[in-house]
There are 2 protein chains.
Amino acid sequence: MLSKKTRYAFRALSYLAENYGGGPVLISEISKEKKIPLKFLENILNELKKANLLESKKGKGGGYFLKLSPKKINLATVIRVINGPIALLPCVSLNFYEKCEDCDEEICGIRKVMTITRDVTLKILEKKTLYNIIHASV
Amino acid sequence: MLSKKTRYAFRALSYLAENYGGGPVLISEISKEKKIPLKFLENILNELKKANLLESKKGKGGGYFLKLSPKKINLATVIRVINGPIALLPCVSLNFYEKCEDCDEEICGIRKVMTITRDVTLKILEKKTLYNIIHASV
DNA sequence: TTGATATCCTACCATTTTAGTAGGGGAAAG
DNA sequence: CTTTCCCCTACTAAAATGGTAGGATATCAA
């Protein structure tokens, strides 16, 4: 399951996507509108910034805004930044790979299934973007 | 990601699947062969038993064995018993559903994507069984 | 019927992760 | 040079994870 933090991230990003092109948005505004604890949100937005999804501006008239168009930010990227691996096993993860002990990867049956699972999941999460989630009714 | 406990469960079940039809297998044997901490494994096998996947026999000649054929135990079931929900969000889970606050499910874009993701994942995990993972090379 | 064998059950515990909070520092605008 | 607002470090409570300990209970077999 995705952490609460990740769900907050999606909500915040949706809000920023809706305001894309409209200049910086205050943390406090997002916090209020999307009901996300302010200081926690501060943290989340900063991580997203470090991951190059957001940009920020300090001082008056400052705030956060999307660095890329909502169509160019896919859900897999967001999940990886805030939540971590998408694969169900470390030995199957593309971005967080870790070898598993006591297991021959060549013949491991679980690994094979989890690889397939990862692939179909990624096919969706990498294709769907912030644009898709704010225009879901279409 | 699946917990270590879930991975232990899969390893133990694979062993029991390989020994299917050969009578009860000792916890201590599985523990030794699959390098799983004994008391922790005890716990896991008991949960699987309560979920009707295993049967057990006490006393001499006792142990654990699969209640159903390896072809009838699918991976989704095992994951749900030991790990919990398969969906990425509670509001999208079939077996562990929980309503999310501040979200209209009818129009929630994230929910829509996560529903699709759940469906493709389940399609695989419900189809693949213990038989598949012990005969992966085929 | 008693002892050995093996699962069952309850409770505990250390470590890590999650979900925050607190408070000051530092850049930018005016 | 002050106000606004992001940036950064540190702390903390609660829950989840990954186990351990030890006795209760059922079964078999001599």
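A, B, ... follow the sequence lines: proteins, then strands. Residue 1 opens every chain.
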Check side-chain contact (heavy atoms from CB on, under 4.5 Å) between [X] and all other residues, then give those that pass, not counting sequence neighbours.
| X | value |
| --- | --- |
| B:K72 | B:L68, B:S69 |
| B:P70 | B:A17, B:Y20, B:L66, B:L130, B:Y131 |
| B:K32 | none |
| A:E126 | A:N74, A:A76, A:R80, A:L122 |

Inset, instruction - Give a yes/no answer on whether the side chain of A:Y8 brings an N or O atom under 4.0 Å of OP1 or OP2 in C:dG20. - result: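 So the side chain of A:Y8 is within the cut-off, an N or O lying under 4.0 Å from OP1 or OP2 of C:dG20.
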Inset, instruction - Sort and list the pairs that fulfil salt bridge (charged side-chain N to carboxylate O under 4.0 Å, His left out) and have at least one residue in residues 85-95 of chain A, not counting sequence neighbours. - result: none
Legend entry - Start and end of the DNA chain D segment that chain A contacts, any atom under 4.0 Å from a heavy atom: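 Range of nucleotides within reach of chain A: D:dT4 to D:dC8.
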Measure the distance from [atom1] on [X] to [atom2] on [N] and round it to the nearest whole Å.
| X | N | atom1 | atom2 | result |
| --- | --- | --- | --- | --- |
| A:K4 | C:dT21 | NZ | P | 10 Å |
| A:N83 | C:dT18 | CG | P | 8 Å |
| A:I82 | C:dT17 | CD1 | C1' | 15 Å |

Inset, instruction - Keeping to residues at least two apart or across chains, list the ring pair (Phe, Tyr, Trp, His ring centres under 6.0 Å) pairs with something in residues 54-81 of chain A. - result: none
Inset, instruction - Please list, chain by chain and in numerical order, all residues satisfying salt bridge (charged side-chain N to carboxylate O under 4.0 Å, His left out) with A:K35, sequence neighbours excluded. - result: B:D102
Legend entry - Partners passing salt bridge (charged side-chain N to carboxylate O under 4.0 Å, His left out) against B:K127 (at least two apart in sequence or in another chain):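 In terms of salt bridge (charged side-chain N to carboxylate O under 4.0 Å, His left out), with neighbours along the sequence ignored, B:K127 is linked to no residue.
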Inset, instruction - Working to the nearest 0.5 Å, report the span between NZ of B:K128 and CG of B:L75. - result: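 Interatomic distance, B:K128 NZ to B:L75 CG, rounded to 0.5 Å: 9.0 Å.
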Can you list, pair by pair, the side-chain donor-acceptor contacts under 3.5 Å of residues 2-15 of chain B, counting residues two or more places apart and other chains?
unit_1	atom_1	unit_2	atom_2	d
B:S3	OG	B:T6	N	3.2
B:S3	OG	B:T6	OG1	2.9
B:S3	OG	B:N83	OD1	3.2
B:K5	NZ	B:E47	OE2	2.7
B:T6	OG1	B:N83	OD1	2.7
B:R7	NH2	B:L2	O	3.1
B:R11	NH2	B:K34	O	2.6
B:S14	OG	B:F10	O	2.7
B:Y15	OH	B:E29	OE2	2.5

Any N/O pairs under 3.5 Å between the protein and nucleotides 27-30 of chain C? List them or say none.
unit_1	atom_1	unit_2	atom_2	d
C:dA27	O4'	A:K58	NZ	3.3

Inset, instruction - Can you sort out which residues in residues 25-51 of chain A have a heavy atom within less than 4.0 Å of DNA chain C? Ascending by number, please. - result: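 Listed by number, they are A:P37, A:K39, A:F40.
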